[in-house]
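Inspection log for the structure reproduced underneath, given as structure tokens.
All chains are named by letter (A, B, ...) in the order of the sequence lines, taking the proteins before the strands, and each is independently numbered beginning at 1. Basis for what follows: all heavy atoms, side chains included, without hydrogens, waters or symmetry-related copies.
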2 protein chains.
Amino acid sequence: MSLAYNQALEAWKADEVPVGAVVVVDGEIVASAHNEVESTGDPTAHAEILAITQAASFLGDQRLNAMTLYVTKEPCPMCSGAMIMSRVGRVVFGISDPKMGFLGGAGDVREVSTLNHYPIVTSGVLSEECHALLQAFFAEKRKK
Amino acid sequence: MSLAYNQALEAWKADEVPVGAVVVVDGEIVASAHNEVESTGDPTAHAEILAITQAASFLGDQRLNAMTLYVTKEPCPMCSGAMIMSRVGRVVFGISDPKMGFLGGAGDVREVSTLNHYPIVTSGVLSEECHALLQAFFAEKRKK
């Protein structure tokens, strides 16, 4: 998670909402990305989507069952859905998001019983640090 | 929707699950795409995600409030979430998906009250044709 946090720091440096993600399999990092919505102008360029695309490319496999995705903030509806579609084995996130989080915070994509995959989810890892980073980013934004 | 259907046909020709999408604003088509999961090896390369990325790029705006996205099949959890994150104004889809659809079929992303956007949704447009296309594709796959 500290590497995902570092990715979030990189996002801040690029004036992006500081969210970072890494994908790990067998102790090896196979993808790392941060939010790039502002720099690309692409509303789908969230850290998790970019990390999943990278990981699938690296492994030559669309199905990421063996992987763990670490992300600093609870995934949004789109990214939570992407965890299902790419069959990520495990998702570990930092801070919960009670407004937009879709792995338990605001809603939960896993509540629908007909999906073809359900990742294991762990939350609250490095959450204070991830929260502080987002708070500091938005506090700075409000000053501008 | 017939243009989205044509995109789905193109997907089939490329041996992809036949789902197509177009994005329209003020009567002008600003994006058209089909499923590219197999050819790219990217589990996030659904027609809707690709069409949203194209539309945002074409318009130089991440927020697609003025747009209508037509797609031949009800969006999955990831793509339904992408409609929220990109603030697509209206979504029109063909066939419902009672297993994976997340705009009313299996689940509904709009049921969560804390999101920052809710698209208008219309379903059942050209649904018989869209359904027949998917059925024919999978029937052919089973023969192989």
Are Thr114(A) and Met100(B) packed together at the side-chain level, in the sense that at least one heavy-atom pair is separated by less than 4.5 angstrom?
no
Pro43(A) side chain near Arg63(B) side chain, heavy-atom distance below 4.5 Å
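SC-SC contact between Pro43(A) and Arg63(B) ruled out.
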Specify which of His46(A), Gln54(A), Lys99(A) makes the most heavy-atom pairs with chain B at under 4.5 Å.
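If we count pairs closer than 4.5 Å to chain B, Lys99(A) comes out on top.
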Relative to chain B, which of Ala55(A), Gly107(A), Ala106(A) shows the most heavy atom pairs under 4.5 Å?
Ala106(A)
From [X] atom [atom1] to [Y] atom [atom2], the distance as rounded to the nearest 0.5 Å:
X        : Y        : atom1 : atom2 : answer
Met78(B) : Cys76(A) : CE    : SG    : 11.0 Å
Asp42(B) : Ile52(A) : CG    : CD1   : 9.0 Å
Thr44(A) : Gln62(B) : OG1   : CD    : 10.5 Å

Which atom names give the shortest non-hydrogen contact between Pro77(B) and Leu115(A), and what distance separates them?
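Heavy-atom minimum between the residues: CG-CD2, 4.1 Å.
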Using non-hydrogen atoms only, which part of Glu38(B) is less than 4.5 Å away from chain A: side chain, backbone, both, or neither?
both
Checking Pro98(B) against chain A: side chain, backbone, both or neither under 4.5 Å from a heavy atom?
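Backbone only.
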Verify the cluster assignment for Ile29(B) and Leu50(B): are they in a single hydrophobic cluster under the rule of side-chain heavy atoms below 4.5 Å apart?
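Different clusters.
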What part of Ile84(A) lies closer than 4.5 angstrom to a heavy atom of chain B: side chain, backbone, both or neither?
side chain
Pick whichever of Val37(B), Asp61(B), Leu64(B) has the most heavy-atom pairs under 4.5 Å with chain A.
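The residue among Val37(B), Asp61(B), Leu64(B) with the greatest pair count is Val37(B).
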With a sphere of 6.0 Å drawn around CG of Asn116(A), does it hold more than 12 non-hydrogen atoms of other residues, nucleotides or ligands?
yes
